[in-house]
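Written out below as structure tokens is the structure these notes cover.
First listed ligand is number 1; within each ligand, the first listed atom is number 1.
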Amino acid sequence: MARRSMRLVEYGKPFQLMQEEVPTAPKGGAVVKNEYAGVCHTDAHSADDEFSGLAPLKCVLGHEMAGTIVDIDPSAELKVGDKVIVYWHGGCGACSRCEVGETTACLKDVKHWAGITEDGGFSDYVVIPDAKLLVKVPDTVAMDAACLLPCSGITAYNAVCNMVPTVQDFAKHSADCAVLLVGAGGLGLWGVQFAKQLLPAGVRVLSADVDEEKLATAKAAGCDEALLWGKGVDDDTAVAAAKKACGSLGAAVAAIDFVNVPATFGRIEKILAQGGMHVVVGLLGGDAPAAVPLMPYVLSRHHMAGVLMGSLPQLKDLVALMAEGNVKPPPISHHPLENVYDVLQDLKAGKVKGRAVVKL
Ligand SMILES: [Zn+2]
Ligand SMILES: [Zn+2]
């Protein structure tokens, strides 16, 4: 028996298809026969070495994996035949952040990241050195959708979780309150649905984007009001329209910025209620500074949370939520393993609609 692996042999060049022996499980680890592997922008950054060697040459990229355990350390909780996804952010396992499952914030900065620093999903089989990073997937969750959960799914889920306590607090007084989600792309669409599932009933979910088509999909995903922040819309107009859409409070009790450029950051600060929660997720602002007047920021008593992916316990909660069947994954297209590099190029060129996954 052999496995086919698409290996990164040279940065910026097509992967090489290799025929290899099927590996066996190391002590404490497992081997998963991949069924689906999501193709993500992060893979394009790794393939082009934009993370300065974080993804080493000879590596198999693909961090969004769903498959079946074919070999596992007998002491592990899961068993051969279990369907699983992979929590791909292994850390040192010993620091206080790793202990609570926040391995993305590992204090020793250890990165055992399957599909980036170590072999991942663009292969028939993947070795997972620590079987504790596997999460069982129930039959009610489609495996092509399941593979998306450890990346875009968990990021949006964690973002919504970060605003839940604040929103619950406001909603105790009156359910007539609203949250604002900026960005109606892939993360935003997950976000709208998670907000509808996790926030108290009656809380309105507003979605803002520069693209009318994306706003239409946000509406279809269940958002209560779509706010067009296109080119002709200045800050004052955008802020006034958002506040009006927030109901009697006239301000959002929480907001998630899936875009996070200086303009969206500034608008959110103006739309948030006193004591509101500002969740920062997007990376598009890069190193650009946001101009936030400092004293008004203090007086507004805003909270802020930065979200990068989510924790292993959250991934388990998310799988349980998906099993209830009320959240729809984005449209998914399937591609053969041999085409993965071409799919990555299409993704970079903005030609992929919805999510592309490799079907193994
Ligand atoms: Zn990803
Ligand atoms: Zn650690």
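- Geometry about the Zn ion (ligand 1) gives an angle of 100° between OE2 of E64 and SG of C151, rounded in steps of 10 degrees.
- Note: angle at the Zn ion (ligand 1), from NE2 of H63 to SG of C40, is 110° (rounded to 10 degrees).
- The nearest pair of heavy atoms linking F170 to C177 is CB-SG, 4.4 Å.
- Note: angle at the Zn ion (ligand 2), from SG of C95 to SG of C98, is 100° (rounded to 10 degrees).
- The backbone N or O of A76 sits less than 3.5 Å from a side-chain atom of K79, completing a donor-acceptor pair.
- For D257 and T264, the side-chain atoms include at least one donor-acceptor pair closer than 3.5 Å.
- Counting only N and O atoms by type, the side chains of H334 and D144 include a donor and acceptor under 3.5 Å apart.
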